[in-house]
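The structure displayed is predicted, hence computed values, not measured ones. Naming convention: chains lettered A, B, ... in sequence-line order (proteins, then strands); numbering from 1 in each chain.
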Number of protein chains: 2
Amino acid sequence: MSSTTIVGMPDTAHPIAPEGLRASALSDDVSFLLARANAIALAAGNAALAEHGLKARSYSVLVLTSGEARPSQRELAEFLRLDPSQVVSLVDELQSRGLVERKPDPADRRANVVVATDAGRALVGQARESARAAEERVHADLSESDRATLATLLRTVAFPSD
Amino acid sequence: MSSTTIVGMPDTAHPIAPEGLRASALSDDVSFLLARANAIALAAGNAALAEHGLKARSYSVLVLTSGEARPSQRELAEFLRLDPSQVVSLVDELQSRGLVERKPDPADRRANVVVATDAGRALVGQARESARAAEERVHADLSESDRATLATLLRTVAFPSD
DNA sequence: TATTGTTATACTCTATAACTATA
DNA sequence: TATAGTTATAGAGTATAACAATA
């Protein structure tokens with residue numbers, strides 16, 4: 001097993017996996033399974049968020065800026081593993097739609113703190129329902145306790161410093 | 001919880017996750033954790049495979065065509081969740097390097113069966129060692145039994161028909 | 001009529017480097 | 001001297017549609 005195989009994430013459906021390949025070495029490769037599971041979850045999530053004019057990324061920024069954390073753009077970039085320049089584009093777009101605001105950080109005048117507006121918080125509330133429903137379909141074959149276990153194990157990989 | 005948040009996968013390092021955001025709603029979102037874990041595993045895997053002139057995708061094709069399955073391009077596309085036209089490019093490149101061959105499928109003359117050459121099998125053998133080492137580092141915080149559990153849970157999401 | 005592989009193209013995402021203003 | 005945000009651009013990846021050969 002092992003590797004780090006990846007896989008694309010077309011929005012179009014490639015529903016089934018060919019029989020013969022299921023027995024291949026890749027099917028025991030955690031990185032491959034991670035990639036394929038992610039591609040499926042991402043496609044489902046993007047489809048569900050589209051009705052709110054969001055994608056997984058813009059939804060993520062909206063969630064993160066709707067809480068108490070008041071992240072800077074650099075913090076958003078690190079947490080989402082995006083390049084800072086990509087965060088500029090994301091925040092530009094959300095700001096132009098009136099969903100987030102850039103506020104100067106009083107402690108560091110180089111930094112922008114990004115906060116969701118009331119409209120942004122309202123939208124993310126609706127989007128969250130769609131996202132939840134999509135995730136429910138993706139994880140339909142897992143019990144509630146399986147999902148909790150999966151989350152715990154993934155957290156260990158996703159945040160290695162712990 | 002829930003959603004379908006995604007995350008990029010830059011090859012450059014964004015090592016740490018900002019403290020404040022760890023407490024946010026996204027950290028309990030399985031789709032977000034899936035995306036972030038995948039981004040980390042993919043970056044590590046691509047870095048490890050680079051010394052063999054491979055990426056996760058071309059490595060995957062090489063693994064799948066090195067076994068007994070003798071997949072067609074369409075089967076590769078479905079299994080890897082790629083568009084058929086992307087498989088054309090991947091196979092073109094591997095074929096030009098003498099690592100795989102297209103063979104006519106005797107049962108269906110429209111289809112190409114893709115098989116690794118001896119050189120391809122030799123390379124994938126070496127690459128597998130690098131990939132394994134990279135995956136070991138990514139999953140260093142998980143026990144052997146945790147990794148098996150993770151693989152089982154991911155397989156359920158990655159191959160929903162089961 | 002439908003499917004496999006292919007080509008072409010437009011679009012999005014990713015990687016890099018430079019620049020500014022602050023620290 | 002280093003960091004946050006920004007801009008620009010080149011490259012990689014993705015989505016779509018069309019076509020020839022075959023089923």
Kindly give the heavy-atom pair with the smallest separation between A:Leu21 and B:Pro71, and that separation in Å.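 Residues A:Leu21 and B:Pro71, closest heavy atoms: CD2-CB, 3.8 Å.
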Using every non-hydrogen atom in the two residues, find where A:Val124 and A:Ser66 come nearest and quote the distance to one decimal.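 Answer, listing the atom of A:Val124 first, then A:Ser66: CG1-OG, 3.7 Å.
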Distance in angstrom units between [X] [atom1] and [N] [atom2], rounded:
{"X": "A:Leu82", "N": "C:dT16", "atom1": "CG", "atom2": "P", "answer": "15 Å"}
{"X": "A:Arg102", "N": "D:dG5", "atom1": "CZ", "atom2": "P", "answer": "9 Å"}
{"X": "B:Arg81", "N": "D:dT14", "atom1": "CZ", "atom2": "C1'", "answer": "13 Å"}
{"X": "B:Leu42", "N": "D:dA12", "atom1": "CG", "atom2": "P", "answer": "15 Å"}
{"X": "A:Arg57", "N": "C:dT12", "atom1": "CZ", "atom2": "P", "answer": "13 Å"}
{"X": "B:Glu93", "N": "D:dA12", "atom1": "CD", "atom2": "P", "answer": "11 Å"}
{"X": "A:Glu78", "N": "D:dG5", "atom1": "CD", "atom2": "P", "answer": "10 Å"}
{"X": "B:Gln73", "N": "D:dT22", "atom1": "CD", "atom2": "C1'", "answer": "15 Å"}

Backbone N/O of [Y] and side chain of [X]: donor-acceptor pair under 3.5 Å:
{"X": "B:Arg36", "Y": "A:Phe79", "value": "yes"}
{"X": "A:Asp146", "Y": "B:Leu153", "value": "no"}
{"X": "B:Ser27", "Y": "B:Arg22", "value": "yes"}

Any carboxylate oxygen within less than 4.0 angstrom of a Lys/Arg side-chain nitrogen, looking at A:Asp141 and A:Arg147?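 No.
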Close N or O pairs between protein and nucleotides 7-11 of chain C (under 3.5 Å):
none

Verify the contact: side-chain N or O of A:Lys55 to OP1 or OP2 of C:dC13, cut-off strictly under 4.0 Å; return yes or no.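 Result: yes.
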Please state whether the phosphate of C:dA23, meaning OP1 or OP2, lies under 4.0 angstrom from any side-chain nitrogen or oxygen of A:Arg74.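 So the side-chain polar atoms of A:Arg74 never come under 4.0 Å of the phosphate oxygens OP1 or OP2 of C:dA23.
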Verify whether one side chain among A:Glu135 and B:Ser31 offers a donor that lies under 3.5 Å from an acceptor in the other.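 A pair is found: one side chain offers a donor N or O, the other an acceptor, under 3.5 Å apart.
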Please go through B:Val115's hydrophobic cluster and name the other residues, only I, L, V, M, F, W, Y counting, with side-chain heavy atoms under 4.5 Å joining them.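 Members other than B:Val115 - counting any ILVMFWY side chain reachable under 4.5 Å - are B:Val113.
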Which nucleotide in the list D:dG5, C:dT6, D:dT14 gets nearest to the side chain of A:Ser72?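 In terms of side-chain proximity for A:Ser72, the closest of D:dG5, C:dT6, D:dT14 is D:dG5.
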If the plane angle is over 60° it's perpendicular, under 30° parallel, otherwise tilted; pick one for B:Phe32 and A:Phe159.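 Tilted, since the angle between the ring planes falls between 30° and 60°.
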Please list, in numerical order, the residues of residues 105-116 of chain A that have a heavy atom closer than 4.0 Å to any atom of DNA chain D.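 Going residue by residue through residues 105-116 of chain A, the ones with a heavy atom under 4.0 Å of DNA chain D turn out to be A:Arg110, A:Ala111, A:Asn112.
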